[in-house]
Amino acid sequence: MKLAFLGAAHEVTGSCFLLEAAGHRLLIDCGMEQGPDLYENQPMDLPPGQLDGLLLTHAHIDHSGRIPLLYKQGFAAPVWCTDATADLCAIMLQDSGHIQESEAEWRNRKAARSGGEPYEPLYTVADALAVMKQFVPVPYGEKREILPGIRVRFTDVGHLLGSACIEIWAAENGSEEKIVFSGDVGNLNQPILRDPKSPPGADILVMESTYGDRNHNKSRPDYAKELAALVEDTFARGGNLVIPCFAVGRTQEMLYFFRQIKEQNLAPRFPNFEVWLDSPLAVEATHVFRENLWECVDDEARALLEKGINPLQFEGLHLSVKKEESQAINMLQGSHVILSASGMCEAGRIRHHLKHNLWRPESTILFVGYQSVGTLGRALVEGVKEVKLFGEPVQVRAKIQVLAGVSGHADQSGLLRWAKGIQPPPRQVFVVHGDDAVCDEFAGLLTRELGLRAEAPFNGAEYDLLTGRCLDPGNSARIKKPAAARKTSPVFQRLLNAGKRLLAVIERNEGGANKDLARFADQIDALCDKWDR
């Protein structure tokens with residue numbers, strides 16, 4: 001009985017583990033890496049076509065994003081997960097496939113001009129649609145034999161709609177071992193979702209450590225009241241409240257709070273304020289949430305459902321899917337709440353809304369999620385005075401706010417609480433899914449605080465689960481990144497000169513007919529949209 005670590009080992013993303021037990025070979029998660037790659041990934045030793053199945057903890061792309069690639073490489077076995085996870089993957093993997101195709105199209109246009117090699121997308125929308133036929137939903141709490149000698153159960157961990165830790169019972173050589181994979185453990189007292197639940201006992205535990213080195217704010221803010229105050233303050237100034245929001249999870253939480261504001265009249269000066277949800281993926285995800293609420297929600301949200309109240313629906317909510325609908329939002333008169341993706345402002349429709357609102361001192365930009373280093377969102381939170389959007393410098397005069405404390409992940413105390421609830425305790429813990437130093441730090445904390453034998457394996461590490469012996473230590477050597485050489489390009493200088501000429505032409509057209517100036521501006525915007533990569 002062996003376990004190999006093929007992703008999210010001393011790194012935060014790319015969750016992927018290979019379990020060999022009872023004569024079967026199973027993957028647990030198959031996620032995409034997002035962000036810096038610190039360690040060289042070790043390849044899986046067998047072709048995907050020889051896998052007997054895959055167990056998926058939840059739908060986030062860093063846990064599910066490479067499943068269509070497996071299909072493309074010959075994977076034909078079942079993917080077991082909860083109903084809600086399957087529903088979310090149906091839209092999220094298709095969206096990811098579209099991104100892969102768009103990236104390949106852009107790279108191939110560039111290669112055609114420069115004589116470079118053609119670029120093949122990691123996978124396509126067709127791959128994502130095809131692999132969904134292999135998904136097999138399993139209800140929470142049901143213990144199911146998925147293969148001879150392998151039984152599984154999914155337990156809610158409150159991180160995302162449908163998220164679960166996975167309990168695996170594997171029978172081999174006359175004995176049975178219980179291996180638990182935590183997935184991502186959720187935060188306490190989140191809106192909509194239930195609190196995370198610890199499984200009853202484990203022999204082996206594979207546990208995440210995303211926030212294993214720090215705690216969230218001790219006191220939970222009253223998010224609805226804080227949002228209502230921001231609505232009144234912004235609308236009184238005549239501006240828009242623009243909220244960059246992750247399409248799946250955080251967007252639905254914001255809708256929950258805005259419904260509460262409306263119901264309790266927490267913004268009495270503007271009781272009929274309107275909210276625009278401008279993200280096709282977020283709109284689809286919200287439909288999935290609505291369809292799965294009865295199975296996944298906490299007592300507060302369930303009480304609303306029992307009264308016939310949809311906790312994600314309210315008067316004044318508008319859903320924007322088409323491009324024309326999105327563009328029309330910024331032409332509306334008066335003040336509005338605008339929810340749009342992406343949450344870190346790196347892509348998507350939110351960048352257009354920022355372009356129209358960042359320069360306005362009467363508007364507010366509200367961040368409700370973590371902003372990674374190097375993102376536009378992080379720069380705005382840290383107080384940058386000017387940004388570039390679609391090639392155009394934009395002054396930051398809007399009010400920049402952060403709704404503190406909103407997190408879908410358990411903090412250090414929450415992770416310890418969840419691990420302590422596993423009784424009887426595991427004899428071995430493998431700590432994964434955390435920053436390089438955090439994995440080691442949290443493993444040490446589990447040993448000091450809970451008396452558990454814990455370690456943080458590296459990518460490619462392999463263990464015999466019956467004896468606890470390390471069969472392969474994996475790769476602990478960090479990737480050395482060569483220093484970037486500075487290059488000067490006469491072609492790029494030509495492009496800069498062309499830009500200066502365009503600016504001069506714009507200035508010479510001052511005073512022209514409004515119709516002509518609007519057409520000129522549209523042409524420039526279309527050109528910027530094409531090349532702003």
**OP:** Scan residues 82-105 for pairs that pass ring pair (Phe, Tyr, Trp, His ring centres under 6.0 Å), counting only residues two or more places apart or in two chains.
**Re:** none
Original post:
Under 6.0 Å from the six-membered ring centre of F257 and within 45° of its axis: does the NZ or CZ of K262 meet both?
Top reply: no
Subject >> Aromatic Y119 / basic R107 pairing, under 6.0 angstrom, 45° off normal >> reply: yes
Are any of the side-chain heavy atoms of [X] and [Y] separated by less than 4.5 Å?
X    : Y    : value
L227 : F258 : yes
I67  : L56  : yes
E33  : E11  : yes
L339 : W276 : no
L376 : E346 : yes
Q401 : L230 : yes
I166 : V180 : no
V185 : H409 : no

Original post:
How are the rings of H216 and Y211 set relative to one another: parallel (under 30°), tilted (30 to 60°) or perpendicular (over 60°)?
Top reply: perpendicular
List for me each residue that meets side-chain hydrogen bond (donor to acceptor under 3.5 Å, both in side chains) alongside [X], sequence neighbours excluded, and say none if there are none.
X    : answer
S64  : none
S335 : none
T124 : D127
E291 : none

Results of ring pair (Phe, Tyr, Trp, His ring centres under 6.0 Å) for [X] - residues two or more places apart only:
X    : result
F270 : F235
F181 : F17
H58  : H60, H63, H159
Y140 : none

Atom pairs and distances, donor-acceptor, side-chain atoms in residues 237-250, under 3.5 Å, two or more places apart:
from	atom 1	to	atom 2	distance (Å)
R237	NE	E362	O	3.4
R237	NH1	D233	OD2	2.4
R237	NH2	E362	O	3.1
R237	NH2	S363	O	3.2
R237	NH2	T364	OG1	2.9
N240	OD1	H336	N	2.8
N240	ND2	N357	OD1	3.1
R250	NE	E253	OE1	2.9
R250	NH1	V368	O	2.6

Return a table of donor-acceptor pairs under 3.5 angstrom between the side chains of residues 83-94 and protein atoms on other chains or two or more places apart.
from	atom 1	to	atom 2	distance (Å)
T85	OG1	T82	OG1	2.9
T85	OG1	G162	O	2.9
D87	OD2	N292	ND2	3.1

Original post:
Is any side-chain N of the basic residue among D298 and R194 closer than 4.0 Å to the acidic one's carboxylate O?
Top reply: no
Original post:
So how far is it from N189 CG to E300 CD, rounded to the nearest 0.5 Å?
Top reply: 9.5 Å
For a quick test of your reading: what N or O donor-acceptor pairs under 3.5 Å do the side chains of residues 303-311 make, sequence neighbours left out?
from	atom 1	to	atom 2	distance (Å)
N310	OD1	L312	N	2.9

